[in-house]
Amino acid sequence: MEYTVELTSMKDNAEALRYVRRKVFIEEQNVPEELEWDEFDETAIHAIVFNGKHEPIATGRLKPDGHIGRMAVLKAHRNKKIGSEILTRLINHAQFLGL
């Protein structure tokens, strides 16, 4: 499967980031919407994964304090090591930033 991982911000890719998190956390896992979105969304560095058709399929974020979280992969794309790729990219970026 062809996909690309990009580091981005909520400002630059809000629609794609929100789409994946809404599908996984709110719709699939029944997380209340008011708990899903928080003040860290605007300051975090986000990873977004697009498939070959440039559709968002996964995401994760790196908070300013170095914590990684909000990792989500759409059900149809799980068990393909996409989550591992997100984690690796975010860890590498955190190290680059000295976190």
Side-chain angles (χ1 to χ4, degrees):
M1 182 187 139
E2 179 184 326
Y3 64 87
T4 58
V5 181
E6 299 175 14
L7 295 182
T8 188
S9 66
M10 184 62 82
K11 178 184 172 197
D12 291 336
N13 272 300
E15 185 176 349
L17 295 165
R18 289 182 181 274
Y19 172 79
V20 173
R21 286 172 52 186
R22 177 174 302 284
K23 286 288 187 191
V24 173
F25 297 127
I26 297 171
E27 294 177 17
E28 184 182 332
Q29 297 179 6
N30 297 309
V31 171
E33 188 159 357
E34 61 272 11
L35 296 180
E36 178 52 31
W37 317 115
D38 63 23
E39 68 275 13
F40 299 109
D41 284 328
E42 297 304 319
T43 57
I45 295 165
H46 298 265
I48 185 73
V49 181
F50 293 102
N51 65 14
K53 298 176 183 176
H54 203 70
E55 299 165 328
I57 60 170
T59 188
R61 75 177 184 185
L62 172 67
K63 291 178 10 183
D65 65 0
H67 284 88
I68 293 172
R70 297 295 203 273
M71 289 187 52
V73 179
L74 295 182
K75 189 178 261 186
H77 300 280
R78 292 183 190 151
N79 300 310
K80 299 176 183 175
K81 302 190 186 249
I82 295 170
S84 295
E85 179 68 24
I86 292 170
L87 190 57
T88 298
R89 292 289 293 273
L90 291 175
I91 289 171
N92 289 343
H93 195 69
Q95 290 173 333
F96 172 77
L97 296 174
L99 300 173

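Just so you know, these numbers come straight off a predicted model, no measurement behind them.
Partner of P56 under the side-chain contact (heavy atoms from CB on, under 4.5 Å) criterion, out of N51, I48, V49: I48 alone. Each of R70, R21, K11 was checked for a side chain to side chain donor-acceptor pair (under 3.5 Å) with D41, and the lone residue meeting it is R21.
Salt-bridge annotation for E55 and K23: absent, with no side-chain N of the basic residue lying under 4.0 Å from a carboxylate O of the acidic one.
For E42, the side chain to side chain donor-acceptor pair (under 3.5 Å) criterion is met by no residue, not counting sequence neighbours. In terms of the side-chain contact (heavy atoms from CB on, under 4.5 Å) criterion, residue partners of A44 (sequence neighbours excluded) are, by chain and number, H46, R61. With sequence neighbours excluded, the residues that form a side-chain contact (heavy atoms from CB on, under 4.5 Å) with H67 are K63, D65.
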Requested in this report: Kindly indicate, with the supporting measurements, whether the criterion side chain to side chain contact (heavy atoms under 4.5 Å, CB included) is fulfilled by L17 and T8.
Outcome: CA-CA 10 Å; L17 295 165; T8 188; 4.3 Å; yes
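A continuous path of Ile, Leu, Val, Met, Phe, Trp and Tyr side chains, each step under 4.5 Å between heavy atoms, connects M71 with I91, placing both in one hydrophobic cluster.
Q29 CD: more than 12 foreign heavy atoms inside a 6.0 Å radius.
In this structure, T43 and P64 approach most closely via the heavy-atom pair OG1-CG, 3.6 Å. Of all non-hydrogen atoms in I86 and A58, the two that sit nearest each other are CD1-CB, 3.6 Å. When all heavy atoms of Y3 and E85 are compared, the closest pair comes out as OH-CB, 4.0 Å.
From L62, atom CG reaches atom CG of L97 across 6.5 Å, with rounding to the nearest 0.5 Å. A distance of 6.5 Å separates CG of L7 from CG of L90, quoted to the nearest 0.5 Å. Here the CZ atom belonging to F40 is positioned 13.0 Å from the CE atom belonging to M10, to the nearest 0.5 angstrom. Atom CD1 of I26 sits about 9.5 Å away from atom CG of L35, to the nearest 0.5 Å. Residue E33 holds its CD atom at 9.5 Å from CD of E27, rounded to the nearest 0.5 Å. Here the CG atom belonging to L87 is positioned 5.0 Å from the CD1 atom belonging to I68, to the nearest 0.5 angstrom.
At least one side-chain heavy atom of Y19 sits under 4.5 Å from a side-chain heavy atom of L74.
Looking only at distances, a side-chain donor or acceptor of R89 sits under 3.5 Å from a matching main-chain atom of V5.
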